[in-house]
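None of the values given here were measured: they were computed from a predicted structure.
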Amino acid sequence: MEHQLREYFLDINKALCSLIVTDREGKEVDPEEGMRKWINRIREMRDVSGCMFLCGNGASATMAEHFSHDFFQNAKTRTDTCSETSHITAISNDIGYEKVFAYRIERLISEKDLLVTISSSGNSPNIIEAIKAAKEKGAFVVTLSGKKKENLSRQMGDLNFYVPLNTYGMVESAHAVLLHGALDLFLDEMEGGRH
């Protein structure tokens with residue numbers, strides 16, 4: 001038990017420092033460059049009154065909601081999470097849970113918009129369907145994933161942020177850091193600093 005917490009923190013830090021970012025062709029991109037591209041895409045989206053859609057399941061759903069609000073309030077962007085209770089239960093019941101995000105995305109998203117998916121495994125069927133729906137409409141897709149390196153979502157996005165961690169809690173913690181990092185760096189560059 002001695003030093004266990006310190007080792008836990010070090011493992012997450014090591015994974016973040018070993019972050020693998022790829023583009024739509026699967027080519028590795030320097031993480032700094034990847035974050036810069038993500039931030040620039042948010043700026044471009046905001047400049048044309050686009051919307052940032054965020055989606056995830058479980059803890060990743062709460063992260064999607066949290067960052068949807070943070071970007072809306074602090075970065076002054078339009079956001080949507082597709083996660084209202086009535087929407088989730090109706091689509092799940094009437095159509096199927098694999099379409100719970102895609103159903104809304106395919107009706108609302110456009111080429112000026114951005115989809116951010118948050119999935120520890122990167123293989124959730126409803127996340128994969130959401131990515132497909134966004135790509136069909138020409139939207140830019142950013143994926144956050146972990147666990148297996150060959151997961152499906154990191155093969156589908158325009159920018160893919162993969163943290164090499166194997167447990168849900170650690171992947172989720174790393175994803176929260178990436179999302180906060182994207183927001184804080186955006187605020188530093190576009191809004192005069194974070195607060």
Side-chain angles (χ1 to χ4, degrees), residues 15-48 50-57 60-61 63-64 66-68 70-72 75 77-82 101-102 105-106 108-124 126-165 171-190:
L16 284 165
C17 290
S18 300
L19 177 71
I20 300 170
V21 181
T22 53
D23 63 15
R24 69 179 60 128
E25 282 84 37
K27 180 183 169 210
E28 282 196 32
V29 175
D30 177 77
E32 292 273 347
E33 181 185 346
M35 187 61 77
R36 173 95 28 242
K37 287 182 177 183
W38 185 5
I39 291 167
N40 285 337
R41 184 60 187 161
I42 295 169
R43 179 188 49 78
E44 291 167 4
M45 176 208 72
R46 188 178 72 169
D47 288 350
V48 296
C51 183
M52 179 165 42
F53 292 78
L54 299 97
C55 59
N57 294 295
S60 298
M63 268 190 268
H66 175 137
F67 287 97
S68 173
D70 276 2
F71 275 98
F72 176 79
T77 60
R78 291 178 53 229
T79 61
D80 192 317
T81 64
C82 313
F101 304 126
I105 287 169
E106 64 195 9
L108 298 178
I109 208 164
S110 73
E111 68 281 347
K112 67 182 181 179
D113 299 326
L114 170 65
L115 170 66
V116 178
T117 64
I118 311 163
S119 174
S120 294
S121 72
N123 289 320
S124 301
N126 58 7
I127 295 294
I128 301 306
E129 291 298 316
I131 295 169
K132 288 178 185 175
K135 297 297 283 180
E136 285 173 12
K137 297 291 186 166
F140 193 88
V141 176
V142 174
T143 72
L144 278 63
S145 67
K147 299 193 74 103
K148 294 183 180 175
K149 195 173 183 178
E150 65 277 3
N151 72 71
L152 293 174
S153 69
R154 78 177 289 251
Q155 299 172 40
M156 299 172 71
D158 296 294
L159 273 176
N160 307 285
F161 292 79
Y162 168 77
V163 288
L165 288 163
V171 173
E172 290 162 0
S173 297
H175 285 171
V177 171
L178 289 172
L179 289 160
H180 271 294
L183 175 61
D184 285 347
L185 293 171
F186 182 88
L187 294 175
D188 287 349
E189 291 198 7
M190 309 296 172

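- By the 6.0 Å contact criterion, CZ on Arg36 is open, its count of non-hydrogen atoms from other residues, nucleotides or ligands being 12 or less.
- The shortest side-chain heavy-atom distance between Ile39 and Met190 falls under the 4.5 Å cut-off.
- Here the side chains of Asp30 and Val21 are not in contact, with every heavy-atom distance at 4.5 Å or above.
- Side-chain atoms of Ser124 never come within 3.5 Å of backbone atoms of Asn126 as a donor-acceptor pair (strictly under, hydrogens ignored).
- You'll find the side chain of Phe71 reaches within 4.5 Å of the side chain of Leu183, heavy atoms only.
- Residue pairs satisfying the ring pair (Phe, Tyr, Trp, His ring centres under 6.0 Å) criterion with at least one member in residues 127-147, sequence neighbours excluded, are absent.
- Atoms CG and CG, on Leu179 and Leu144 in that order, are 5.5 Å from each other to the nearest 0.5 Å.
- Here the side chain of Asp113 pairs no donor or acceptor atom with the backbone of Gly50 at under 3.5 angstrom.
- Applying the salt bridge (charged side-chain N to carboxylate O under 4.0 Å, His left out) test to Glu106 and every residue at least two apart in sequence or in another chain returns nothing.
- Taking each heavy atom of Val171 and Leu165 in turn, the nearest pair found is CG2-O, 3.5 Å.
- Judged as a side-chain hydrogen bond (donor to acceptor under 3.5 Å, both in side chains), and not counting sequence neighbours, Arg78 has no contacts.
- The shortest non-hydrogen separation linking Gly34 to Val29 is N-CG1, 3.7 Å.
- Looking at residues two or more places apart in sequence or on another chain, you find no side-chain hydrogen bond (donor to acceptor under 3.5 Å, both in side chains) involving Gln155.
- Side chains of Leu185 and Leu187 form no contact here, defined as non-hydrogen atoms less than 4.5 Å apart.
- Here Glu111 pairs with nothing under the side-chain contact (heavy atoms from CB on, under 4.5 Å) rule; sequence neighbours left out.
- Scored by the side-chain contact (heavy atoms from CB on, under 4.5 Å) test, Thr81 finds Glu65, Ser68, Ser83 as partners (sequence neighbours excluded).
- Identified under the side chain to side chain donor-acceptor pair (under 3.5 Å) test for residues 179-188, with sequence neighbours left out: Asp188-Arg194.
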(message) side chain to side chain contact (heavy atoms under 4.5 Å, CB included) for Leu19 and Leu178? Distances and angles first, verdict last.
(response) CA-CA 10 Å; Leu19 177 71; Leu178 289 172; 3.9 Å; yes
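- Remark: Glu44 does not engage Lys37 in a salt bridge, criterion side-chain N to carboxylate O under 4.0 Å.
- Considering only heavy atoms from C-beta on, Asp80 stays 4.5 Å or farther from Ile109 through its side chain.
- Asn40 CG to Met45 CE: the interatomic distance, rounded to the nearest 0.5 Å, is 12.5 Å.
- Under the 3.5 Å distance criterion, the side-chain polar atoms of Arg46 are matched with a main-chain donor or acceptor of Ala75.
- By the 4.5 Å heavy-atom criterion applied to side chains, Ile105 and Phe53 are counted as neighbours.
- Applying the side-chain contact (heavy atoms from CB on, under 4.5 Å) criterion to Ser173, with sequence neighbours excluded, gives Ile12.
- Interatomic distance, His66 NE2 to Ile118 CD1, rounded to the nearest 0.5 Å: 10.5 Å.
- Considering Ser119, Ser121, Ser145, Ser120 as possible partners of Asn151, the one that fulfils the side-chain hydrogen bond (donor to acceptor under 3.5 Å, both in side chains) test is Ser145.
- No side-chain donor from either of Asn57 and Ser60 sits under 3.5 Å from a side-chain acceptor of the other.
- Phe161 is linked by a ring-ring contact (aromatic ring centres under 6.0 Å, His included) to Trp38, counting only residues two or more places apart in sequence or in another chain.
- You'll find the side chain of Cys55 reaches within 4.5 Å of the side chain of Leu115, heavy atoms only.
- We find the CD1-CZ distance between Ile128 and Phe101 to be 12.0 Å, quoted to the nearest 0.5 Å.
- Contacts classified as salt bridge (Lys or Arg N to Asp or Glu O under 4.0 Å) and involving residues 126-148 (residues at least two apart or in different chains) are given here: Lys99-Glu129, Glu129-Lys132, Lys135-Asp158.
- With values rounded to the nearest 0.5 angstrom, Ile42 atom CD1 is found 12.0 Å from Asp47 atom CG.
- The shortest side-chain heavy-atom distance between Lys27 and Thr22 does not fall under the 4.5 Å cut-off.
- Ser18 is linked by a side-chain hydrogen bond (donor to acceptor under 3.5 Å, both in side chains) to nothing, counting only residues two or more places apart in sequence or in another chain.
- Thr143 pairs by the side-chain contact (heavy atoms from CB on, under 4.5 Å) definition with Thr117, Ile131, Val141, Ser153, Arg154, Asn160, not counting sequence neighbours.
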